[in-house]
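Working notes, structure below.
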Amino acid sequence: AFPGVPENVAQYWLHEHWGRSPYCHLKSSTYRFELVSWPSSRLLDIRSTWDDFDPECKGCIAKGKQLCTEKLLGKLYATAEYILEHRKFPVPIIVLDNRDGHANDENPKHWPVPDGYVLIEGHTRFNIATYLQTVGALDEIDLWLMQKIPT
């Protein structure tokens, strides 16, 4: 139903977050998705709604630390355990390349997003990773880079 959208992206963004994502107005058919690896230091290039697009990711880092250090019912959060053990994501996050500001130009009535790289899906994984990056406990990260197809 979504040609050009990788199955992994369709499952985690389009299916699981259908109608609940603040980015549901973005037409997936007008984007290409490329699986890329970035050094973990580039996590801080990505902006997240979690902390209102804070360029220092302070809220994301704080939440990530909580998920990696505080036990609930005697256990750490399962995704945090996975990332701590494997030093990578169990599933790549999805990041919009909005460096040209097209998302706001095309959707002026929707929630504005900053120019730059914007996290679309994977907020909990991102929070955990930003914290682990600050303590040197994360290797390269895999992500789906979502780029506008030129018209």
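In this chain, numbering begins with 1 at the start of the sequence shown.
- The closest side-chain heavy-atom distance from Arg32 to Pro150 is below 4.5 Å.
- Of all the heavy atoms in Gly59 and Asp51, the pair that sits closest is N-OD2, 3.4 Å.
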Sequence neighbours left out, cut at 3.5 Å: what donor-acceptor pairs do the side chains of residues 128-136 make with other protein atoms?
residue : atom : partner : partner atom : Å
Thr130  : OG1  : Phe126  : O            : 3.3
Thr130  : OG1  : Asn127  : O            : 2.9
Thr134  : OG1  : Tyr131  : O            : 2.5

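- Inter-residue side-chain proximity for Leu72 and Tyr77 is flagged as unmet; no heavy-atom pair is nearer than 4.5 Å.
- The closest donor-acceptor contact from the side chain of Asp54 to the backbone of Glu56 lies under 3.5 Å.
- If you take CZ on Phe89 and CD1 on Ile141, they are separated by 5.0 Å, rounding to the nearest 0.5 Å.
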If you apply the rule side-chain contact (heavy atoms from CB on, under 4.5 Å), what do you find for Leu143 with Val36, and how did you get there? CA-CA 6 Å; Leu143 59 96; Val36 297; 3.6 Å; yes
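- The CG atom of Leu138 lies 10.0 Å from the CD atom of Glu140; values are rounded to the nearest 0.5 Å.
- Residue Lys148 places its NZ atom among more than 12 non-hydrogen atoms of other residues, nucleotides or ligands, all under 6.0 Å distant.
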For a side-chain contact (heavy atoms from CB on, under 4.5 Å) check, start with the C-alpha distance between Val95 and Trp144, then their side-chain angles and the critical distance, and finish with the verdict. CA-CA 6 Å; Val95 176; Trp144 286 105; over 6 Å; no
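- The structure places NE2 of His123 at 10.5 Å from CD1 of Ile94, a figure rounded to the nearest 0.5 Å.
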Please step through side-chain contact (heavy atoms from CB on, under 4.5 Å) for the pair Leu43 and Trp38, ending with a clear verdict. CA-CA 8 Å; Leu43 280 167; Trp38 281 4; over 6 Å; no
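- Arg125 places a side-chain N or O within 3.5 Å of a backbone atom of Val91 that can act as its donor or acceptor partner.
- The distance from the NZ atom of Lys88 to the CD1 atom of Ile83 is 11.0 Å, given to the nearest 0.5 Å.
- Of all heavy-atom pairs between Val113 and Ala103, the closest is CG2-CB, 3.8 Å.
- Ile61 and Leu67 fall within a single hydrophobic cluster, where Ile, Leu, Val, Met, Phe, Trp and Tyr side chains are chained together by heavy-atom contacts under 4.5 Å.
- Although no hydrogens or angles enter the test, the distance criterion places a donor-acceptor pair under 3.5 Å between the side chain of Asn98 and the main chain of Pro114.
- Taking the six-membered ring for Trp and thresholds of 30 and 60 degrees, His102 and Tyr31 have ring planes inclined between 30 and 60 degrees apart.
- For Tyr82, the ring-ring contact (aromatic ring centres under 6.0 Å, His included) partners two or more places apart in sequence, or in a different chain, are His86.
- Rounding to the nearest 0.5 Å places SG of Cys57 at 5.0 Å from CG of Leu44.
- Side-chain contact between Lys71 and Leu76 is present, with at least one heavy-atom pair separated by less than 4.5 Å.
- Distance check, rounded to the nearest 0.5 Å: CG of Leu96 to CD1 of Ile120 gives 4.5 Å.
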